[in-house]
Peer 1: 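Handing you this structure, nothing more for now.
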Amino acid sequence: MWRFCTYKPEETHRFGRILGQFAPAGLCIALTGELGAGKTLFSQGMAEGLEVEEQVTSPTFTIADQYFSGRLPFVHMDLYRLADADEAWERGIYEYFDGEAVVLVEWPQIMLDDLPEDRLDIDIKRRLDDDGAEWREIEITVHGEHKWLEEALAYGENLIS
Ligand SMILES: Nc1ncnc2c1ncn2[C@@H]1O[C@H](COP(=O)(O)OP(=O)(O)O)[C@@H](O)[C@H]1O
Ligand SMILES: [Mg+2]
């Protein structure tokens, strides 16, 4: 497990960007964190790292947005509005895992057991200093082999607090 701190929105964005730059085809990321934690900001950073040209917005109403302009296809999901795994099946969520696309799933809790076993779980927690300053704790739990991640994190060492 890896743990990082970011002290500004730009740092969370940059952290996503570094992972996007190194992300291999077929990568799945389950991204958790309360509202306002920084999930969308992180996702936008990842999209930039993947060289997605479009502006990436929150897919809360569309459930899944696909972008094909980058280095790899990028699928950005937000399952917040789905009731359960059955509804995810009905919505065809599983068809997005085509082996090539990098799939980032916000609010993955309803279908964690059905996501690819080989994935990264990333949790962003909002923290407050004694003096009221906000920061974020980003925790990465690695499932399976992800050698690229060490490379990415080593590359980002000076960039990430
Ligand atoms: N270190 C930080 N990392 C990420 N966001 C931060 C940080 N500090 C403050 N923020 C603020 O928190 C909010 C995160 O919003 P957003 O990415 O939309 O969250 P979510 O998608 O998890 O609901 C933004 O308004 C951002 O400016
Ligand atoms: Mg969001």
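Nothing fancy with the numbering, it's 1 onward along the sequence. Atoms within a ligand are numbered from 1 in the order they appear, just like the ligands themselves. None of these values were measured; they are calculated from a predicted model.
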Peer 1: Crowded around Tyr80 OH? As in, over 12 foreign heavy atoms under 6.0 Å?
Peer 2: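 Counting neighbours around OH of Tyr80, 12 or fewer heavy atoms of other residues, nucleotides or ligands fall under 6.0 Å, so no.
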
Peer 1: Do Gln66 and Pro73 have side chains that get closer than 4.5 Å, going by heavy atoms?
Peer 2: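 No. Closest side-chain heavy atoms not under 4.5 Å.
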
Peer 1: If you define the side chain from C-beta out and look only at heavy atoms, does anything of Trp135 sit under 4.5 Å from Thr12?
Peer 2: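 SC-SC contact between Trp135 and Thr12 ruled out.
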
Peer 1: Check whether any protein heavy atom sits under 4.0 Å from atom 25 (O) of ligand 1.
Peer 2: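 No; the ligand atom in question lacks any protein heavy-atom contact below 4.0 Å.
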
Peer 1: Trp2 vs Phe4 aromatic rings, parallel, tilted or perpendicular, using cut-offs 30° and 60°?
Peer 2: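 Because their plane-to-plane angle is under 30°, the rings of Trp2 and Phe4 count as parallel.
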
Peer 1: Where is the nearest protein heavy atom to atom 13 (C) of ligand 1: which residue, which atom, and how far?
Peer 2: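 The answer is Gly36 O, 3.6 Å.
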
Peer 1: Using a 6.0 Å cut-off, check whether atom CD of Glu34 has over 12 heavy atoms from anything other than its own residue.
Peer 2: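 Yes.
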
Peer 1: With clusters defined by side-chain heavy atoms of hydrophobic residues (ILVMFWY) lying less than 4.5 Å apart, directly or transitively, does Ile122 cluster with Val75?
Peer 2: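 No.
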
Peer 1: Could you tell me whether ligand 1 has any atom less than 4.0 Å away from a heavy atom of Glu34?
Peer 2: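 Contact present.
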
Peer 1: Just need the protein heavy atom nearest to atom 16 (P) of ligand 1, so name the residue and atom and give the distance.
Peer 2: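 Closest protein heavy atom to atom 16 (P) of ligand 1: Gly38 CA, 3.8 Å.
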
Peer 1: Identify the closest protein heavy atom to atom 3 (N) of ligand 1: which residue and atom is it, and at what distance?
Peer 2: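 Checked against all protein heavy atoms, atom 3 (N) of ligand 1 sits closest to Thr12 OG1, 2.5 Å.
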
Peer 1: Please list the nearest protein heavy atom to atom 27 (O) of ligand 1 with its residue and the distance rounded to 0.1 Å.
Peer 2: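 Checked against all protein heavy atoms, atom 27 (O) of ligand 1 sits closest to Pro9 CG, 3.4 Å.
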
Peer 1: How about CG on Asp130, more than 12 heavy atoms from neighbouring residues, nucleotides or ligands closer than 6.0 Å, or not?
Peer 2: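 Incorrect, the count does not exceed 12.
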
Peer 1: Name each donor-acceptor pair under 3.5 Å that joins a side chain in residues 99-117 to protein atoms two or more places apart or in another chain, with its distance.
Peer 2:
from, atom 1, to, atom 2, distance (Å)
Glu106, OE2, Ser43, OG, 3.2
Glu106, OE2, His76, NE2, 2.7
Asp114, OD2, Tyr94, OH, 3.3

Peer 1: Got His143 and Leu120 here, is their nearest side-chain heavy-atom distance under 4.5 Å?
Peer 2: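 Heavy-atom side-chain distance check fails, nothing below 4.5 Å.
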
Peer 1: Would you kindly confirm whether Leu72 and Leu149 end up in one hydrophobic cluster when ILVMFWY residues are joined by side chain heavy atoms under 4.5 Å apart?
Peer 2: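 In one cluster: yes.
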
Peer 1: Considering only non-hydrogen protein atoms, determine which one is nearest to atom 11 (C) of ligand 1 and report residue, atom name and distance to 0.1 Å.
Peer 2: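 Of the protein heavy atoms, Arg136 NH2, 3.6 Å lies nearest.
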
Peer 1: Which of the atoms in ligand 1, numbered in the order shown and given with their element, are less than 4.0 Å from a heavy-atom of Thr6?
Peer 2: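 Close to Thr6: 1 (N), 2 (C), 3 (N).
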
Peer 1: Relative to ligand 1, is Tyr7 under 4.0 angstrom through side chain, backbone, both or neither, heavy atoms considered?
Peer 2: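 The answer is the backbone of Tyr7.
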
Peer 1: After noting the C-alpha distance and the side-chain angles of Ile63 and Arg91, does the key distance pass the side chain to side chain contact (heavy atoms under 4.5 Å, CB included) rule?
Peer 2: CA-CA 9 Å; Ile63 311 292; Arg91 294 278 199 135; 3.5 Å; yes

Peer 1: Could a heavy atom of Lys8 be found less than 4.0 Å from some atom of ligand 1?
Peer 2: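 Under 4.0 Å: yes for Lys8.
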
Peer 1: Which heavy atom of the protein is the closest neighbour of atom 18 (O) of ligand 1, given with residue, atom name and distance?
Peer 2: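 Result for atom 18 (O) of ligand 1: Thr40 CB, 3.8 Å.
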
Peer 1: Looking at Arg127 and Glu134, does any basic side-chain N land under 4.0 Å from a carboxylate oxygen?
Peer 2: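 A salt bridge is absent here (no side-chain N lies under 4.0 Å from a carboxylate O).
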
Peer 1: For Lys39 and ligand 1, does the shortest N/O to N/O distance drop below 3.5 Å?
Peer 2: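 For ligand 1, there is an N or O atom that lies under 3.5 Å from one belonging to Lys39.
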
Peer 1: Taking the Mg ion (ligand 2) as the centre, how many protein N/O/S atoms fall inside a distance shorter than 2.8 Å?
Peer 2: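 Near the Mg ion (ligand 2), the number of protein N, O or S atoms below 2.8 Å is 1.
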
Peer 1: Evaluate whether atom NZ of Lys125 has more than 12 neighbouring non-hydrogen atoms of other residues, nucleotides or ligands under 6.0 angstrom away.
Peer 2: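 Yes, enclosed.
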
Peer 1: Of the choices Thr57, Leu41, Leu35, which has the non-hydrogen atom that lies closest to atom 5 (N) of ligand 1?
Peer 2: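 It is Leu41 that holds the nearest heavy atom.
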
Peer 1: Is the closest heavy atom of Gly33 to ligand 1 under 4.0 Å?
Peer 2: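 Distance cut 4.0 Å: Gly33 fails for ligand 1.
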
